[in-house]
Amino acid sequence: MLKLMKYEFRRQVFFDAAILGVFLILLAVFFGVYRTGNIEGLGTVLSLMGIETIVVLIFAPTEHWILYYKDINSKQGDMQFLVPKNSTVVLGAKVLVAALQTVVLYGLFFTLVPYCERLAIEKYGFTTGYVSKVLDTILEMMHSANSNIAPFI
């Protein structure tokens, strides 16, 4: 099963490498702007990091399902199920690799992006209270619309 997981990892690594490359560039730009003290540039970089986090949140699991769909509908995918392993082992390797890559990406983005935001807030204070104001506005809109979701949020 480890060989199948290694094969699946190699097949699915392009999307993750592209996302991580863009993130590392944004991280380098963030720390460069952070040291210079350019508040407008800092806000722009943090916004881009937030947008990329949302893209990862949506497309990291979706990308694996798209690849699996392509595998099922192509001749190459048919060949994967002809290996001398049980088909559940092949599917298990696909699911495990997809889950591991998604968890690693989520963990990276949901630890580093808030850390960068906290650094910017502590040093420059330009967004202090902004996030809480946005959340309060959303909750007020939900209460005014008598939504059932508002108490859970």
Side-chain angles (χ1 to χ4, degrees), residues 1-74 76-77 80 91-153:
M1 182 153 181
L2 290 176
K3 288 183 181 181
L4 291 172
M5 288 177 66
K6 182 179 172 184
Y7 173 73
E8 286 299 320
F9 177 76
R10 285 182 181 168
R11 290 186 63 229
Q12 298 175 1
V13 77
F14 177 75
F15 174 76
D16 298 336
I19 290 292
L20 288 176
V22 171
F23 183 67
L24 289 175
I25 290 170
L26 284 175
L27 209 60
V29 170
F30 170 78
F31 284 114
V33 172
Y34 179 76
R35 296 193 81 182
T36 62
N38 183 359
I39 294 177
E40 291 84 15
L42 199 62
T44 304
V45 171
L46 284 173
S47 298
L48 290 174
M49 289 171 89
I51 290 170
E52 187 179 12
T53 302
I54 292 170
V55 167
V56 166
L57 180 69
I58 294 170
F59 289 115
T62 308
E63 184 260 339
H64 298 294
W65 286 107
I66 291 170
L67 187 62
Y68 178 66
Y69 178 76
K70 287 181 182 178
D71 284 346
I72 289 175
N73 293 327
S74 68
Q76 181 183 4
Q80 289 179 1
L91 288 175
K94 289 178 182 293
V95 170
L96 279 175
V97 168
L100 286 174
Q101 286 179 341
T102 303
V103 166
V104 167
L105 281 176
Y106 281 6
L108 181 72
F109 277 89
F110 291 121
T111 55
L112 287 179
V113 173
Y115 175 73
C116 291
E117 290 175 351
R118 191 174 308 121
L119 281 176
I121 289 171
E122 287 175 358
K123 186 167 184 179
Y124 299 108
F126 70 94
T127 59
T128 304
Y130 177 73
V131 174
S132 64
K133 288 178 186 177
V134 169
L135 289 176
D136 288 339
T137 305
I138 291 171
L139 284 175
E140 287 176 19
M141 288 175 17
M142 293 175 87
H143 281 297
S144 66
N146 293 326
S147 176
N148 294 330
I149 301 173
F152 295 112
I153 293 177

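What you are looking at is a predicted structure, and each value in this text was computed from that prediction instead of being measured. For the numbers below, each heavy atom of this structure counts, side chains included, while hydrogens, waters and symmetry mates do not.
At least one side-chain heavy atom of F9 sits under 4.5 Å from a side-chain heavy atom of Q101. Looking only at side-chain heavy atoms (C-beta outward), L112 and F23 come within less than 4.5 Å of each other. Between L105 and L20, the closest side-chain pair of non-hydrogen atoms falls below 4.5 Å.
When all heavy atoms are compared, the tightest approach of G41 to V33 is C-CG1, 3.6 Å. In plain terms, the two heavy atoms of V113 and T53 that are nearest each other are CG2-OG1, 3.4 Å. Nearest heavy atoms, E52 versus I19: OE2-O, 2.8 Å.
Looking at residues two or more places apart in sequence or on another chain, you find a side-chain hydrogen bond (donor to acceptor under 3.5 Å, both in side chains) between Y69 and N73.
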- Message: Could you walk me through whether M49 and L27 satisfy the side chain to side chain contact (heavy atoms under 4.5 Å, CB included) test, starting with their C-alpha distance in whole Å, then the side-chain angles of each, then the deciding distance to 0.1 Å, before giving a yes or no?
- Response: CA-CA 8 Å; M49 289 171 89; L27 209 60; 3.5 Å; yes
- Message: Run the side chain to side chain contact (heavy atoms under 4.5 Å, CB included) test on F31 and L119 for me, step by step, so that the C-alpha distance in whole Å, both residues' side-chain angles and the decisive distance to 0.1 Å come before the verdict.
- Response: CA-CA 10 Å; F31 284 114; L119 281 176; 3.9 Å; yes
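Between F109 atom CZ and T111 atom OG1 the span is 10.0 Å, to the nearest 0.5 Å. Between the CG atom of L42 and the CZ atom of R35 there is a distance of 13.5 Å, given to the nearest 0.5 Å. Between T102 atom OG1 and F59 atom CZ the span is 13.5 Å, to the nearest 0.5 Å. Expressed to the nearest 0.5 Å, how far CZ of F30 lies from CD of E117 amounts to 8.5 Å.
The aromatic rings of F110 and Y106 sit perpendicular, their planes meeting at an angle over 60°, well past the 30° parallel limit.
Within a 6.0 Å sphere centred on CZ of F14, heavy atoms belonging to other residues, nucleotides or ligands number 12 at most.
With I54 as the partner, the side chain to side chain contact (heavy atoms under 4.5 Å, CB included) test is satisfied by one option alone out of I51, I58, V56: I58.
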